[in-house]
Amino acid sequence: MSILMKYLIMILLICTISNSYAGLNYQEYLGVKIALEKAFLDIRPDDTHTLEINKPVGEDQFYWFNLDMVHASYSGYEADGKNFHHVFLFGGFIRLQEMTKDGLALTGCHEIGHGLGGFPKKTSGSSTEGQSDYFSTKDCLEVVFKYLPLDKEIPSDDYEIKFCQKYSANFNYCLRAFNALKSDIYFFETLGDYTRVDSYALEVAVDLNTDPSFYPSAQCRIDTMIHGIIDIERPICWFPKGIERKL
């Protein structure tokens, strides 16, 4: 085998390995983690609330990052007058092909929303999935962006530009938040659910579902986060007293 051929094979292998681990690297994840922790201090109700993201397992700081499971979760509890919030962002989710720092920040905000999002809550005590989605863009993500500098210009299309001009009091936040949604849209697609920012969920909620295992449809979740971005009432696709999706 010629030296040139060996070189070309080596380049091919490097590209293959690189593509198989698309998404964020550990340093990029750390930047998001730090931004979430700083934002939490701004949005928490008081200093009895603390947040820990990917709590080390023993002395292993990389435990959660090294897990290939595509997953994110929240747990919280109260003890001795303090409220402890724990968010877990698994490596498989962080390394998703279309994951961005803003997209990961959005998921982090959603998980924090289970602890700080308020009504309506699941029967298990944490805020519902729909409410956590709403909280993520209405109350959390814009604060995180203060601590998470942009790496490059935000890509946007005519629909997003016109939508943000029409409905948002903060045009720049609106465009950046729409861009963050693209990671969720890709994640939903991996689950077989296809969503669009210029479409809407058709379902109408009659009753409020507080079952711990209930998730609104993927399109309804996108609708909810868009309503949070422009700070209007939750959509009726999951919230019985909500309003129709703004388009």
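When reading the values below, keep in mind they use all heavy atoms of this one structure, side chains included, and skip hydrogens, waters and symmetry mates.
- In the hydrophobic clustering of this structure, V70 does not group with F88; members are Ile, Leu, Val, Met, Phe, Trp, Tyr whose side-chain heavy atoms approach within less than 4.5 Å, directly or through other members.
- Side-chain atoms of E111 and H86 include no donor-acceptor pair closer than 3.5 Å.
- In summary, R196 and D198 engage in a salt bridge, as defined by a charged side-chain N under 4.0 Å from a carboxylate O.
- Between K146 and D42, some side-chain heavy-atom pair lies under the 4.5 Å cut-off.
- A donor-acceptor distance shorter than 3.5 angstrom exists from the side chain of H114 to the backbone of S127, with no hydrogens or angles considered.
- Atom CG of D46 has more than 12 heavy atoms from other residues, nucleotides or ligands within 6.0 Å.
- Judged by distance alone, with hydrogens and angles left aside, the side-chain atoms of Q131 form a donor-acceptor pair with the main-chain N or O of G117 at under 3.5 Å.
- Using a 4.5 Å heavy-atom threshold, the side chains of E129 and F214 count as separate.
- Relative to the six-membered ring of F145, R176 meets both conditions, a distance below 6.0 Å and an angle of at most 45° to the axis.
- Counting heavy atoms from C-beta on, the side chains of K33 and L36 never come closer than 4.5 Å.
- Under the 4.5 Å side-chain criterion, counting only non-hydrogen atoms from C-beta, L141 is not in contact with S136.
- When all heavy atoms are compared, the tightest approach of K246 to H227 is N-NE2, 3.1 Å.
- Rounding to the nearest 0.5 Å places NE2 of H49 at 12.5 Å from CG of L41.
- The shortest heavy-atom contact between P212 and T123 is CD-OG1, 3.2 Å.
- Here the closest heavy-atom approach between residue F171 and residue I161 is recorded as CE1-O, 3.6 Å.
- How far NE2 of H110 is from OG of S132: 5.0 Å, rounded to the nearest 0.5 Å.
- Under 4.0 Å is where a charged nitrogen must lie from a carboxylate oxygen, and between R221 and D184 no such pair does.
- Of all the heavy atoms in G228 and T137, the pair that sits closest is CA-OG1, 3.3 Å.
- The shortest heavy-atom contact between A201 and Q219 is N-CG, 3.4 Å.
- With D80 contributing its side chain and K82 its backbone, the two residues share no donor-acceptor pair below 3.5 Å.
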Working for side chain to side chain contact (heavy atoms under 4.5 Å, CB included), residues L67 and Y63: CA-CA 7 Å; L67 291 179; Y63 177 82; 3.8 Å; yes
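- Hydrophobic clustering places L181 together with L247 (ILVMFWY residues linked when any side-chain heavy atoms are closer than 4.5 Å, directly or through intermediates).
- Looking only at side-chain heavy atoms (C-beta outward), I112 and F135 come within less than 4.5 Å of each other.
- Taking the side-chain contact (heavy atoms from CB on, under 4.5 Å) definition, one finds that D207 meets it with nothing, sequence neighbours left out.
- Taking the six-membered ring for Trp, F163 and F178 have ring centres closer than 6.0 Å.
- Environment of CD in Q165: crowded, with over 12 heavy atoms of neighbouring residues, nucleotides or ligands closer than 6.0 Å.
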Side chain to side chain contact (heavy atoms under 4.5 Å, CB included) between E52 and F84, worked out: CA-CA 8 Å; E52 190 159 17; F84 299 91; over 6 Å; no
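- Hydrophobic clustering (side-chain heavy atoms under 4.5 Å, transitive across Ile, Leu, Val, Met, Phe, Trp, Tyr) groups I94 together with I185.
- One distance of note links CG of N25 with CZ of F65; it measures 6.5 Å at 0.5 Å rounding.
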CA sep, side-chain torsions, deciding dist, call: N83, R44, side chain to side chain contact (heavy atoms under 4.5 Å, CB included): CA-CA 10 Å; N83 298 275; R44 64 182 178 175; over 6 Å; no
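- Of the residues listed (I229, D231, I232), the one engaging K138 in a side-chain contact (heavy atoms from CB on, under 4.5 Å) is D231, and it is the only one.
- Side chains of Y194 and E189 form a contact here, defined as non-hydrogen atoms less than 4.5 Å apart.
- Checked by atom type and distance alone, the side chain of Y159 pairs as donor or acceptor with a backbone atom of V197 at under 3.5 Å.
- Using a 4.5 Å heavy-atom cutoff, the side chains of W238 and D133 are not in contact.
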From CA spacing to verdict: side chain to side chain contact (heavy atoms under 4.5 Å, CB included), S217, D193: CA-CA 8 Å; S217 71; D193 296 315; over 6 Å; no
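- A donor-acceptor pair is defined here as one N or O able to donate and one able to accept, closer than 3.5 Å; such a pair exists between the side chain of S183 and the backbone of E98.
- In the model, D102 has no side-chain atom that pairs as donor or acceptor with a side-chain atom of T100 under 3.5 Å.
- Around the OH atom of Y200, the shell of radius 6.0 Å holds no more than 12 heavy atoms that belong to other residues, nucleotides or ligands.
- M69 and F187 end up in different hydrophobic clusters when Ile, Leu, Val, Met, Phe, Trp and Tyr side chains are linked at under 4.5 Å.
- A cation-pi arrangement is found for R234 relative to F239, the charged atom lying closer than 6.0 Å to the ring centre and inside a 45° cone about the ring normal.
- Here the side chains of D139 and I43 are not in contact, with every heavy-atom distance at 4.5 Å or above.
- Rounding to the nearest 0.5 angstrom, the gap separating the CG atom in L191 from the OH atom in Y186 is 10.5 Å.
- Cation-pi geometry between R95 and Y29 is not met at under 6.0 angstrom from the ring centre and within 45 degrees of the axis.
- For K182, the NZ atom is densely surrounded, since the number of other residues' heavy atoms within 6.0 Å is greater than 12.
- For the atom pair NZ of K122 and OG1 of T128, the computed distance is 7.5 Å after rounding to the nearest 0.5 Å.
- Here the shortest heavy-atom pairing between D223 and S199 reads OD1-O, 3.6 Å.
- Placement of Y147 and L116 within a single hydrophobic cluster is found when ILVMFWY residues are connected by side-chain heavy-atom separations under 4.5 Å, directly or transitively.
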